[in-house]
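After the structure tokens below, expect a handful of questions from me.
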2 protein chains.
Amino acid sequence: MKAPRDVPTPLLESLKSLGLTKYEALVYIGLLRMVGATATEVHEISGVPRASVYPVLDRLVQKELVSVSHTTPKRFGAIPPDQGIENLMRRIEGDAESAQAALDAIYRERRLDNRGDQELIWTIYGEENIRTCLADMFRSAERSVELFATGDLLRRSVLSLLDSIPESVQVEFVTERWTGEQPSRFHLQVLPLAALCETPSFTERMLPYERSGVFLVDDTRALLWMEGVDGQPSALYSDSVGLALFVRRHIATIMEWAKAAVQ
Amino acid sequence: MKAPRDVPTPLLESLKSLGLTKYEALVYIGLLRMVGATATEVHEISGVPRASVYPVLDRLVQKELVSVSHTTPKRFGAIPPDQGIENLMRRIEGDAESAQAALDAIYRERRLDNRGDQELIWTIYGEENIRTCLADMFRSAERSVELFATGDLLRRSVLSLLDSIPESVQVEFVTERWTGEQPSRFHLQVLPLAALCETPSFTERMLPYERSGVFLVDDTRALLWMEGVDGQPSALYSDSVGLALFVRRHIATIMEWAKAAVQ
DNA sequence: ACCTTGTTGTTATGATAACAACAACATTTA
DNA sequence: TAAATGTTGTTGTTATCATAACAACAAGGT
């Protein structure tokens, strides 16, 4: 007869996103703590109303998370967590797979109206999404790639994508500090901005660990990588001539500025 | 201006179990079919009420499934399905991981009351669950393992588990037909029941592809593998002396019966 | 036998929250 | 002005949550 020791909310949330309801989660957790409990005992240790315990247990059996004994009264036991969660994930992964197949079919026959498409500026959220967008840009580069980014961002999120740039493309990049040797595969131009970073007007305007960058491919496609105050990365991407022009000018200015500062 | 071509229900269900609501699924699917749609166009192709489109799009952006353009009116685009589903699954897998850690901690400090535990008969649903239970039984075997199962079940679901039986344990098994050589690692005794299977009284009582089996370890733990009419496997497991005795007698009878039939 | 007592399992019913659907309004753009 | 965009609020609907009452059954005491 244990008390319905309270359950941390994040655990409940996690189990909910695996497809369980609050009661199902509470009952399953309760059963993990007592093997072979009757419905009434389940009610006691889980804190869910006794009447609700029966349908909940039925659903848990259906979901292959608990097993039942053939006694009167019935007794219930939980499948061990590793096995149980695997059972839940198997179902979800199956759904993901079939959904992906169906969505891909839909996606392939989409209409590419391009109705002024090249004038749009998109904002993309999530580091993964930004990185795949960047990878696409790099892969499709034909003449030039220019990038100006903080060293942290460059090393941790961008460097591994540079491999997808075709051999013939000229790559230039600027960063504020660079430790280690220069990547050798590209014609590249590193302009250390270390001196510039120490000026007060610079440090007061830019946070020390801010991750941001500007990327320009073939002078036509641009991506601005920024980071909100919450640390969530987001980016602007566009084929628009307006943004490309702005970024070209911006990067050119930075490079001139950097050269001047170095001297 | 496409019609809100109706969406197959199973796809909606799959996306729901990935954490989307019905509207979110419909809007995402609609956006897959038209790049750079305005809110009104999204409403038209998805069939979702125009007013509801805005909060739904907000949530989809939050979930990193769509990106927004900085124009007026705003235009929206879907992240490609592979990337989008990966984003959803990453969240879910993270939840599964943290949930597993928390549940394991709870599971380790459970009380093993064993209050008459050995007298309980458990029913287990799901092939995976049954197989892990069988594997546990085999692994903990000390003296003997006896099994009587249909050949199909044996080959497809049980054979690979036999490796976990300790070397010193004597293994006997009976099946109705056995093609191929005998597994060599065990002291085993194969009693072909092929002749018996042809008798009318046998075939009329047992379905041709029924998968079922009886397993007995150390004369104390028994598992009955059965299959419902729906093809969903389930099993009875018990330490109880009653069931063990029944199974012992059952298997002994079968073996005598088989020997007599062979002669 | 009868009646309590307590537990098991079931059913009904209201409360709540999230979502779905609709209508009305304010704002912008042409 | 007219049309389209974006916002707000209300209502209907569903699934889950929560409580109460009820019937079935066994154990035990008069």
Side-chain angles (χ1 to χ4, degrees), chain A residues 1 4 6-7 9 12-31 34 36-63 65-66 68-77 115-116 119-120 123, chain B residues 1 4 6-7 9 12-13 15-31 34 36-63 65-66 68-77 115-116 120 123:
Chain A
M1 192 147 316
D6 68 314
V7 172
T9 317
L12 286 184
E13 289 304 313
S14 296
L15 288 175
K16 264 196 228 176
S17 85
L18 296 180
L20 300 189
T21 69
K22 183 180 167 189
Y23 277 5
E24 289 168 353
L26 287 174
V27 166
Y28 181 60
I29 293 170
L31 273 178
M34 182 185 291
T38 67
T40 309
E41 288 170 333
V42 169
H43 148 67
E44 285 166 351
I45 62 177
S46 67
V48 324
R50 199 175 61 86
S52 304
V53 147
Y54 296 94
V56 167
L57 281 170
D58 287 343
R59 278 178 276 164
L60 285 176
V61 169
Q62 189 68 24
K63 290 178 179 166
L65 285 177
V66 316
V68 206
S69 83
H70 275 183
T71 53
T72 54
K74 288 180 186 173
R75 290 184 175 272
F76 300 88
R115 160 236 342 256
E119 288 306 322
L120 297 183
T123 77
Chain B
M1 192 148 310
D6 67 316
V7 172
T9 317
L12 286 183
E13 288 304 313
L15 288 174
K16 266 197 227 177
S17 86
L18 295 181
L20 300 190
T21 69
K22 185 179 166 188
Y23 277 5
E24 288 167 353
L26 287 174
V27 166
Y28 181 60
I29 293 171
L31 273 178
M34 182 185 291
T38 68
T40 307
E41 289 170 332
V42 169
H43 147 68
E44 285 166 352
I45 61 177
S46 67
V48 172
R50 200 176 59 87
S52 303
V53 149
Y54 296 94
V56 167
L57 281 170
D58 286 344
R59 278 178 275 163
L60 285 176
V61 169
Q62 190 68 24
K63 288 177 179 168
L65 285 177
V66 316
V68 206
S69 84
H70 275 182
T71 53
T72 55
K74 288 182 185 172
R75 290 186 174 271
F76 301 88
R115 158 236 347 250
L120 297 183
T123 78

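Heavy-atom basis, side chains included; hydrogens, waters and symmetry copies ignored. Naming: A, B, ... by sequence-line order, numbering from 1 per chain.
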Would you indicate what A/Pro49 reaches in the nucleic acid, counting non-hydrogen atoms under 4.0 angstrom: base, sugar-phosphate, or nothing?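 Base, at least one base atom sits under 4.0 Å.
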B/Val61 side chain reached by B/Asp58 side chain, heavy atoms, under 4.5 Å: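 They are not in side-chain contact.
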Min side-chain heavy-atom separation B/Leu20-B/Leu65 under 4.5 Å: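 A side-chain contact under 4.5 Å exists here.
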Can you confirm whether A/Leu12 sits close enough to A/Leu26 that some side-chain heavy atom of one is under 4.5 Å from a side-chain heavy atom of the other?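 SC-SC contact between A/Leu12 and A/Leu26 confirmed.
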What's A/Ser52 touching, base or sugar-phosphate or nothing? Going by heavy atoms closer than 4.0 Å.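 The answer is base, as A/Ser52 lies within the cut-off (heavy atoms under 4.0 Å) of a base atom.
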Does anything in residues 17-30 of chain A come within less than 4.0 Å of DNA chain D? Heavy atoms only, and list the residues if so. A/Thr21, A/Lys22, A/Tyr23
Any non-hydrogen side-chain atom of A/Tyr23 less than 4.5 Å from a side-chain atom of A/Pro49? yes
dist A/Leu18:CG -> A/Glu24:CD (nearest 0.5 Å) comes out at 11.5 Å
Are side-chain heavy atoms of A/Leu31 and A/Val42 found at a separation under 4.5 Å? yes
Nearest 0.5 Å, please: how far is CD in B/Glu41 from CD in B/Glu44? 6.5 Å
With rounding to the nearest 0.5 Å, note down the distance linking CG in A/Leu15 to NZ in A/Lys22.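 The distance works out to 13.5 Å.
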Outermost nucleotides of DNA chain D that come under 4.0 Å of a non-hydrogen atom of chain B: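 Footprint of chain B along DNA chain D, 5' to 3': D/dT5 to D/dT8.
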With a 4.5 Å cut-off on side-chain heavy atoms, are B/Leu57 and B/Val68 touching? no
Salt bridge (Lys or Arg N to Asp or Glu O under 4.0 Å) filter on B/Lys74, not counting sequence neighbours, yields none
Across nucleotides 24-30 of chain C, 5' to 3', mark each nucleotide with B, S or - according to how protein heavy atoms within less than 4.0 Å reach it. -----S-
What distance separates A/Phe76 CZ from A/Tyr54 OH, expressed to the nearest 0.5 Å?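 Going from the CZ atom of A/Phe76 to the OH atom of A/Tyr54 covers 7.5 Å.
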Are B/Val27 and B/Leu60 packed together at the side-chain level, in the sense that at least one heavy-atom pair is separated by less than 4.5 angstrom? yes
For B/Lys16, enumerate each residue passing the salt bridge (Lys or Arg N to Asp or Glu O under 4.0 Å) test, keeping only those at least two apart in sequence or located in another chain. B/Glu13
Divergence of helical axes at both termini of the helix from C/dA1-D/dT30 to C/dA30-D/dT1 - five pairs an end, 10° steps: 10°
